[in-house]
Amino acid sequence: MRLLLVEDERRMAELLHQGLEEEGYRVTVAMDGHSGLGMGRSSEFDLILLDVMLPGIDGFEVARRLRRHGIRTPVLMLTARDAAPDIVRGLDLGADDYLTKPFSFEVLLARIRALLRRGPAPQPARLQAGDLHLDPATHEVFLGGRKLSLTRTEFILLEFLMRRAGQVAPRDTLIEAVWGHARDIESNTLDAFIRRLRTKVEDVSGRRWIHTVRGVGYTLREDAAE
Ligand code: CA
């Protein structure tokens, strides 16, 4: 099994390199973001261990660019920061798992084994409704060839509605998809986000896409131009 280790701290890189090779892995080390990205794209690795804080481009950007280029190699992020937004950001950008420094070597080995068992992530299918296209891998949305600029929340809402195009998405289900179980949000928060999403999509197309089903939720369906 071949591992790519992207880590700029020399001592950390050496320790991990040696420890992992003793476990039978073949390890290649990249010391900065650019070389990590280059090696990750050009060579065949079974897994990438990716530090977040790197010179050049950081680990988030490396993960994002790898996924944009269709590289599906599992990525385990090594983050010195355990702040939830960092972890969420890493996972959103295409990392498969994360480990917060300092970590135990045994835990690292267990995570590596788990990711190797799973193998490369399947390419998520692009979604299409009429001339509206959404790519879950790159987080891009195109409408009639024009790229839409959506916030993270708007993107999640649109993806959810597109996966159930033609069906009604109940309000509770939408709220849970975006904000999770625990989050107490005002009922009209969902409506405010839907309104903004609607404006962005419908201003471009001049057609109605997101329809309110009164008392139930929302549904995505393209209406004919007026
Ligand atoms: Ca670092």
Side-chain angles (χ1 to χ4, degrees), residues 1-124 135-140 149-153 155-156 179-180 182:
M1 287 287 179
R2 296 192 58 187
L3 309 186
L4 173 62
L5 170 62
V6 189
E7 169 64 79
D8 61 309
E9 288 151 63
R10 190 169 295 278
R11 174 145 176 77
M12 181 72 157
E14 281 169 5
L15 278 173
L16 287 176
H17 186 187
Q18 189 189 344
L20 291 168
E21 295 236 316
E22 281 169 8
E23 293 293 323
Y25 296 107
R26 287 181 59 197
V27 181
T28 304
V29 179
M31 302 289 287
D32 64 76
H34 284 290
S35 50
L37 180 63
M39 289 186 216
R41 282 178 60 183
S42 66
S43 307
E44 281 292 306
F45 290 99
D46 300 293
L47 178 81
I48 300 172
L49 299 170
L50 182 58
D51 185 29
V52 171
M53 300 299 284
L54 293 166
I57 50 176
D58 69 17
F60 294 129
E61 188 60 19
V62 173
R64 193 180 71 83
R65 291 197 201 176
L66 285 172
R67 295 302 184 236
R68 267 187 89 111
H69 285 97
I71 307 293
R72 309 305 306 162
T73 312
V75 170
L76 174 57
M77 287 274 215
L78 306 176
T79 170
R81 302 178 284 183
D82 59 356
D86 269 5
I87 291 164
V88 170
R89 184 160 170 235
L91 296 176
D92 276 349
L93 290 173
D96 299 277
D97 201 358
Y98 69 90
L99 207 49
T100 307
K101 291 178 182 176
F103 47 80
S104 96
F105 190 63
E106 293 307 314
V107 171
L108 174 67
L109 290 176
R111 297 285 183 94
I112 289 174
R113 283 195 299 270
L115 284 177
L116 289 175
R117 272 198 302 274
R118 253 160 60 181
Q123 186 78 43
D135 190 336
T138 60
H139 271 223
E140 287 176 323
S149 169
L150 302 183
T151 64
R152 187 178 118 76
T153 303
F155 182 89
I156 296 171
W179 291 282

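This is a predicted model, so every value here is computed, not measured. Each ligand, and each atom within it, is numbered from 1 in the order the structure gives.
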Name of whichever N/O/S atom of Asp8 is nearest to the Ca ion (ligand 1):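 Going through the N, O and S atoms of Asp8 one by one, OD1 ends up nearest to the Ca ion (ligand 1).
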Has Met12 got an N, O or S atom lying less than 3.0 Å from the Ca ion (ligand 1)?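 Short answer: no, not a single N, O or S atom is under the cut-off.
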Return yes when at least one N/O/S atom of Glu7 is nearer than 3.0 Å to the Ca ion (ligand 1), and no when none is.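 Checking Glu7: none of its N, O or S atoms is under 3.0 Å.
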Taking side-chain contact (heavy atoms from CB on, under 4.5 Å) as the test, write out the residues that go with Arg2, two or more places apart.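 Only Arg26, Thr28, Phe45, Asp46 meet the side-chain contact (heavy atoms from CB on, under 4.5 Å) criterion with Arg2.
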Side chain to side chain contact (heavy atoms under 4.5 Å, CB included) for Leu66 and Thr73? Distances and angles first, verdict last. CA-CA 9 Å; Leu66 285 172; Thr73 312; over 6 Å; no
Test log, rule side chain to side chain contact (heavy atoms under 4.5 Å, CB included), inputs Leu116 and Tyr25: CA-CA 12 Å; Leu116 289 175; Tyr25 296 107; 3.6 Å; yes
If you look only at pairs with a residue in residues 15-25, which of them pass as a salt bridge (charged side-chain N to carboxylate O under 4.0 Å, His left out), with sequence neighbours excluded?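 Non-adjacent pairs meeting salt bridge (charged side-chain N to carboxylate O under 4.0 Å, His left out): zero.
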Given the Ca ion (ligand 1) as the apex, I'd like the angle to OD2 of Asp51 and OE2 of Glu9, rounded to 10 degrees.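 Taking the Ca ion (ligand 1) as the apex, the two atoms subtend 110°.
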